[in-house]
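Structure, as structure tokens:
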2 protein chains.
Amino acid sequence: MAYHHGDLRRAVLDAALDVIAADGPSAISLRGLARRAGVSHAAPAHHFKDKAGLLTAIAVEGNELLAGSLAEAIAEDRTKLIDLGVRYVRFALEHPGHFAVMYRPDLYHRDAPELVAARERTGRMLRGTVKALAGDHSAPLAQLAAWSTAHGFATLALAGNLDRAIGDQDPAELFRTLADVMFVGRGTIGP
Amino acid sequence: MAYHHGDLRRAVLDAALDVIAADGPSAISLRGLARRAGVSHAAPAHHFKDKAGLLTAIAVEGNELLAGSLAEAIAEDRTKLIDLGVRYVRFALEHPGHFAVMYRPDLYHRDAPELVAARERTGRMLRGTVKALAGDHSAPLAQLAAWSTAHGFATLALAGNLDRAIGDQDPAELFRTLADVMFVGRGTIGP
DNA sequence: CCGGCAATCTTGTCATTGACAAGATGTAGT
DNA sequence: ACTACATCTTGTCAATGACAAGATTGCCGG
């Protein structure tokens, strides 16, 4: 084994995401991740400072991935709010490790500058699209409604609370159906 | 200090709920709770077996409290789905410790019989009300929509993600406004 | 009244973990 | 080659969860 791992930072991140997706954020241990990567027990700390630092890095990466995906949808059509919701749900299902950390600020350093920046970038996507659809007076409420619905659906689906309702469908497409029924044809929110 | 605490079980539960509401479930330690209650470090284990057992007890109690509140709303008017949502949100804000644990099955014993029973009781409330409003064909989707929205709103509000949007309003009443805008006047869901 | 019995709590211990400090090893720039 | 730096190792400590064994208390049947 070489003294330098090559990319220990990424290896630890990937191992952590594996464990989190399988058993939740409380199941990770820096020492366990070190063993998985074949390095000494204190090596990860050099890249992430401490456990909260590792989870902060995951939250940052998650927000960047999500912002990127939302940006794609906006590039296609900046008026389709439902597409943003579908991508939000799809992101949660495809990156369960990231999603499981992102909205648990008690687990990481919520004031880290890079995190604040990534969060802000994600938030701008949603706000911009909502404002393009709703008047300025109803935009905040519409934003709340959209975010709450997508976030609630994703959260419940990830935790397995919707297994029976979802069956063998694609959850993200089921969410599209749901959002269509809720929003389409209403003056306040959707086209 | 008497050898018997009196009601150590409740004291530990209350202390745990305090800590969880303040710093999240990852901040609790059985030994810390024991110190808070003025007992030896191993006393709590006698009541809850282990840490997951303590969190299981909290999840059970939370589901029972929530089911009770929902039952009240149904007793008043079994057709007002929005009232259920408002109570769901209010429960989350008034019992943040319980709520923070209930939907994190990775933290507790998700198969404990008492927990399954309490969950089932809560679920019946929602299903019954939704079925009374929507036809059998659209009920599952309507239930998903209602639960997702309320759960997402409560989750985001608790994590502090909605602070700016909420301002100094009562979050639960804000949710009522939001739900009114979303649901009222639609054939599929609300009256 | 009392002997035992179960529930409750204490004390003692162990492996694991997170965090930190100090040192070793490789790498890049000059 | 020399130096500065990033990376990784080794060693250590306090805190924690879990377990085992024993002490204390209240209670119940006889």
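Proteins come first, then strands; the chains are lettered A, B, ... in the order of their sequence lines, and each starts at number 1.
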Looking at A/Arg121 and A/Glu64, what are the two nearest heavy atoms and their distance?
NH1-O, 4.3 Å
On DNA chain D, check which nucleotide each of A/His41 and A/Leu8 is closest to and give me the residue with the more 5' one.
A/Leu8
Separation of C/dA15 atom P from B/Arg31 atom CZ, nearest Å, is 15 Å
Taking atom P of D/dC8 as reference, at what distance in whole Å does atom CZ of A/Arg9 sit?
12 Å
Heavy-atom closest pair, residues B/Val101 and B/Leu55:
CG1-O, 3.6 Å
Taking atom C1' of C/dT16 as reference, at what distance in whole Å does atom CG of A/Leu33 sit?
14 Å
Write down the distance between CG (A/Leu30) and P (D/dT9), rounded to a whole number of angstrom.
14 Å
Measure from the side chain of B/Val39, starting at C-beta and using heavy atoms only, and say which of C/dG18, C/dT10, D/dC8 lies closest.
C/dT10
Considering all heavy atoms, the nearest A/Val116-A/Arg110 contact
CG2-O, 3.9 Å
Give the nucleotide from the list D/dT16, D/dT12, D/dC19 with an atom nearest to the side chain of B/Arg35.
D/dT16
Tell me which residues in residues 42-57 of chain A lie within less than 4.0 Å of DNA chain D, going by non-hydrogen atoms.
A/Ala42, A/Ala43, A/His46, A/His47
Separation of atom CG in A/Asp7 from atom P in D/dA6, rounded to whole Å:
17 Å
I'd like to know if A/Glu120 pairs up with A/Arg127 as an ion pair, taking the criterion as any Lys NZ or Arg NE/NH1/NH2 lying under 4.0 Å from an Asp or Glu carboxylate oxygen.
yes
Minimum heavy-atom distance A/Leu84-A/Leu126, with the two atoms named
CD1-CA, 4.3 Å
Using OP1 and OP2 only, check whether a side-chain N or O of B/Ser29 sits under 4.0 Å from D/dT16.
yes
Are the aromatic rings of B/His151 and B/Phe99 close, with centres under 6.0 Å apart?
yes
